[in-house]
2 protein chains.
Amino acid sequence: MTATIRDVARLAGVAVSTVSLVVNNKGRVSKKTEAKVKQAVEQLDYHPQRSARGLVTQRSGNFGFILSTDHFSQAEPFYTKIFLGTEFEARSFDYYILLTTIDKHFNADRAPRFLLERNVDGVILVGTVPHKIVDYIAMRDLPIVLVDYDLPDTKHSAVLIDNVGGIRAIVHHLIKLGHCRFAFIGGDMKHPGMSQRFNAFQQTLADAGLCVDNDCVAAEEEMSGIETGYTLMQKLLPHHNKFTAVVAANDAMAVGAVRACQGNGFHVPNDFSITGFDDVESAQNLHPALTTVHVPKEKMGAIALRQLVDMIKNTAEYGTKITIPVRLIIRESSNQPRS
Amino acid sequence: MTATIRDVARLAGVAVSTVSLVVNNKGRVSKKTEAKVKQAVEQLDYHPQRSARGLVTQRSGNFGFILSTDHFSQAEPFYTKIFLGTEFEARSFDYYILLTTIDKHFNADRAPRFLLERNVDGVILVGTVPHKIVDYIAMRDLPIVLVDYDLPDTKHSAVLIDNVGGIRAIVHHLIKLGHCRFAFIGGDMKHPGMSQRFNAFQQTLADAGLCVDNDCVAAEEEMSGIETGYTLMQKLLPHHNKFTAVVAANDAMAVGAVRACQGNGFHVPNDFSITGFDDVESAQNLHPALTTVHVPKEKMGAIALRQLVDMIKNTAEYGTKITIPVRLIIRESSNQPRS
DNA sequence: TGCTGTCATCGAAACGTTTTTACTTCTGTT
DNA sequence: AACAGAAGTAAAAACGTTTCGATGACAGCA
C-alpha cells in the first residue's frame, strides 16, 4: 500500500541508493537529481519504514523511559511532567519514547521487552529504581541517564536536583524572617534526594549557629505523600512550643502538615511557617499558598534526553552528573515567627 | 554482540527456519528438536530482534497511544491511570505502547512519526482529540479505539463511561436524602461526556418530576478544573437559597466548589450537599470526603487495549462501543438538606 | 517390493532499507 | 591529446527475521 524507496526511485528515474542519499542527506547529490527525488518523495508521501531502516542501521530510533509503577500513578504529576519534557524534546531529535513501568522488585525474566528485543538505543530511568535493573541495562551496554536518582557506587550519567541549594535557600529565607527554632519533616529516606535534603537542612542550620531538637525531626521510611506529612506533623505538634518553622522535604508532605495544623486549631503561617519543596500544582492552590522551591520538571526531562543523545553521538561523557538549579518561591505559608 | 537466530541454529544443529518455528511455536516440530532448540535459545539468551521481525511480518508490535498535551499534564492523573491500564495489559499481550501527546490544533505535517513510519499496528486515542487526527489515522487504515470520547458521525470503536447511569445514581441518592432543589456545575461542554452528564442530570430530575432553575446551572466552555469549579460556585452562591444540592460534572470542579463554599462561610454538607464524578485521588483526601461516582480508569485502558487486539485478530467488530459501568461512592459531602 | 501419504526439517526468497564499492562522466591540467 | 582526479550515480551486499515450497525419511498398505 505505502510507497517504498523503490517506488520513489522508479518515479524519479534514479537508483534506490540515490534516493536513500537524498532522504538522509548524506553524500553529494547534484541539485538537479536532488530536486527530482524530493519531488517524487513528496508526490508519493514516502517515509522510510522504521523496521527496515532499523534492521540495517541497528538503531531503533527509540529510547526507553523507565519508572517505578508507584511513582507514575502518584497523584502528583511530578514524574509525568518529567516524561512530558522528555517526550517533547525527543520529538525534535527524531527519537521515540517507549515508556514502561516496573515494580519495586525487578525480576530479570520480566525485563522490559524493549531491552530484550534491542528496540531502544538508550534508557532514561527516573526516580527510585531497583539497582538491579540499572546493572542489567548497563550489561547490555546501552547508554543510561538517571533522573532524580543517583547510584552512589556506579558511574552513570544523572540529572539531579540541586537539593542542597534549594534547602539552603529555604532555610535562609526563614532565618531572615526571624525564625531560629526549626522542625523538619522527611520521608522515604532511602531516596538519596530525600536524605540529601535532610542533611542540607542540618548543615545549613549548623552553619548559621543553630541546632535542631531531636523532638523536632520527624521522618518516615517508606512514603512521602500527603498522608505521611499529616501523620508526621501530628507527631510534631505535641512539641509545638519548640519550633516556629517547619521545613518539609517536599510539597506533598507540606500539604499534609498544613492540614494537620489546621485540623488542630493552629494557623499557618501565624502559628507556624511551613515550607515545601518541588513546587507541584497543588502547592499553589493550597490555602495558604505554599512557600516552596521550584523544580523545573519538564526541563529535567528534556535535559536527560539531550544528554542521552549526546552520549550516543559521543559528544558527551558517559558519567556526567548534571545538577539542575532551583528557585525559591515565596508565597503565603511562610511569615515572621509568632512573638 | 547479541546472538542471532543463525547462532542458535548452529548451536542446536538445525536450520534457521526450524529455530523460527520453535520460537514462534508454529508448525509441528518434534519434541526432540524442540528441546534442542530451546536449550540453545536459553544458553545464548536469544530474543528475536524487533526490527528484523517487523520487516518481514509488516507488524511493529507497537500500539500508539495519543492524548492531548493538556490532558496529560493535568494535575489529576485521570488519563495517566488510563495509560497505566493500557500499558500493563499491553505487556501481557506482547505489545508495546508508544505514547505521544498532540496539541489541540493538530497539523498534518506534524503527525506523530510513528504513523508516518508505520511503526504502530493500531492506535488508542484518549480524551478530547482533534477530529482531524482521527480521520488521518483512519485513512492509513489502522484500527482505532477511542477512550472517553466519541465522534458522533463516525464509526469507530470506543470505550465510554456510563455517564447517564452515574449521574442517575447520584441524583437518586440525593433525592433519597430529601433534596428537591438542585444546582449543576459543568465545564468543557465540547467534550461529549460532559454534555452527556448535564443532559442526564436534567433528564433524571425531569423523570422525578423536578425541574431546575436557570440560575442554578453554571457551565463554562473551556476548562473543567478546580479553578473552574471555584469560579462557577461563586456565581451560584448568590442564589444559594434556591438549591440544597450541587451536582458537579467532575471531581475537580466539585473540589473547587467545596472550597468556594467554605471560603464564603458555608458548611458542606450542612448547608449544601456537593457531589463529584470520576473518583480521583483527591476526592478521598478532601474534607469533607467527596461523594462521587467511581470510574475504573485502569480498567478502561485495559479494555481499550484488548479491544484493539481483538480487532487485529479480527475477533471484534470495528465499530464496537463499550460502555463501562460505574459505581456510586457515598462519602461525607452529601447529607440531608438543611431544614 | 514398490507406492502413497504424512511428518519433520531444510533451503532460499523476501521484507525495505543503508552502505560500500565500483563505474561513468566530467573538469582541468599538462 | 592524454590523463588524473573529482563528482555523481548505480549496483549489489548486508541486516535478521519469517514463510513457502522442496526434500527426505519413514510408516502403512497393497
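Reminder, nothing fancy here: chain letters follow the sequence lines and each chain counts from 1.
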A.B. asks: Provide the start and end nucleotides, 5' to 3', of the part of DNA chain D that has atoms under 4.0 Å from heavy atoms of chain A.
C.D. replies: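 Nucleotide range with atoms under 4.0 Å of chain A: dG8(D) to dG16(D).
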A.B. asks: Counting the atoms with a prime plus P, OP1 and OP2 as sugar-phosphate, which does T57(A) contact under 4.0 Å by heavy atoms, base, sugar-phosphate, or nothing?
C.D. replies: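 Sugar-phosphate: the residue T57(A), judged by heavy atoms under 4.0 Å, touches backbone atoms but no base.
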A.B. asks: Rounded to whole angstroms, how far apart are CG on L55(B) and C1' on dT18(C)?
C.D. replies: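 Distance check: L55(B) CG to dT18(C) C1' gives 12 Å.
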A.B. asks: With the sugar-phosphate defined as primed atoms, P, OP1 and OP2, and the base as all remaining atoms, what B/S/- string results for nucleotides 4-14 of chain C, 5' to 3', for protein heavy atoms under 4.0 Å?
C.D. replies: ----SSBB---
A.B. asks: Which residues pass the salt bridge (charged side-chain N to carboxylate O under 4.0 Å, His left out) test with K36(A), sequence neighbours left out?
C.D. replies: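 Checked K36(A) against salt bridge (charged side-chain N to carboxylate O under 4.0 Å, His left out); zero matches.
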A.B. asks: So, is K26(A) near the phosphate of dT18(C), with a side-chain N or O under 4.0 Å from OP1 or OP2?
C.D. replies: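 Checking K26(A) against dT18(C): no side-chain N or O falls below 4.0 Å of OP1 or OP2.
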A.B. asks: Have a look at the helix from dT1(C)-dA30(D) to dT30(C)-dA1(D) and give the angle its two end axes make, five pairs each, rounded to 10 degrees.
C.D. replies: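 For the helix from dT1(C)-dA30(D) to dT30(C)-dA1(D), the axes at opposite ends meet at about 60°.
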A.B. asks: Any pair with a residue in residues 296-307 of chain B that passes salt bridge (charged side-chain N to carboxylate O under 4.0 Å, His left out), sequence neighbours left out, goes on the list, sorted by first then second residue, please.
C.D. replies: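 Matches after skipping sequence neighbours: E89(B)-R306(B).
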A.B. asks: What ring-ring contact (aromatic ring centres under 6.0 Å, His included) pairs are there with at least one residue in residues 48-68 of chain A, not counting sequence neighbours?
C.D. replies: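 Found F63(A)-Y95(A), F65(A)-F83(A).
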A.B. asks: Report the distance from atom CD1 of I5(A) to atom C1' of dT18(C), rounded to the nearest whole Å.
C.D. replies: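 Rounded to the whole Å, the gap is 8 Å.
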A.B. asks: In chain order, what residues pass the side-chain contact (heavy atoms from CB on, under 4.5 Å) check against A111(B), with sequence neighbours excluded?
C.D. replies: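 Checked A111(B) against side-chain contact (heavy atoms from CB on, under 4.5 Å); matches are F106(B), Y136(B).
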A.B. asks: Which pairs pass side-chain hydrogen bond (donor to acceptor under 3.5 Å, both in side chains) with one or both residues in residues 120-131 of chain B, sequence neighbours excluded?
C.D. replies: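 Residue pairs with at least one partner in residues 120-131 of chain B: S60(B)-D121(B).
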A.B. asks: Name all residues meeting the salt bridge (charged side-chain N to carboxylate O under 4.0 Å, His left out) criterion together with R140(B); count only those two or more places apart in sequence or in a different chain, and write none if there are none.
C.D. replies: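 Listed in chain order: D45(A).
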A.B. asks: With sequence neighbours excluded, what pairs up with T80(B) under the side-chain contact (heavy atoms from CB on, under 4.5 Å) test?
C.D. replies: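 Counting only residues at least two positions away or on another chain, T80(B) forms a side-chain contact (heavy atoms from CB on, under 4.5 Å) with F72(A), T80(A), F72(B), P77(B).
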A.B. asks: Determine which pairs satisfy salt bridge (charged side-chain N to carboxylate O under 4.0 Å, His left out) with at least one residue from residues 96-105 of chain B, sequence neighbours left out, and list them in order.
C.D. replies: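 Counting only pairs at least two positions apart or across chains, the salt bridge (charged side-chain N to carboxylate O under 4.0 Å, His left out) contacts touching residues 96-105 of chain B are D70(B)-K104(B).
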A.B. asks: With sequence neighbours left out, write down each residue that passes salt bridge (charged side-chain N to carboxylate O under 4.0 Å, His left out) with K38(B), or none if nothing qualifies.
C.D. replies: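 Salt bridge (charged side-chain N to carboxylate O under 4.0 Å, His left out) list for K38(B), sorted by chain: E34(B).
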A.B. asks: So how far is it from L146(A) CG to K321(A) NZ, rounded to the nearest 0.5 Å?
C.D. replies: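 Taking CG in L146(A) and NZ in K321(A), the distance rounds to 7.0 Å.
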A.B. asks: Expressed in angstrom and rounded to an integer, what is the separation of R6(A) atom CZ from dT18(C) atom C1'?
C.D. replies: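 Those two atoms, CZ and C1', are 12 Å apart.
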A.B. asks: Under 4.0 Å between a Lys/Arg side-chain N and an Asp/Glu carboxylate O for D7(A) and R10(A)?
C.D. replies: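 The answer is yes: the pair qualifies as a salt bridge.
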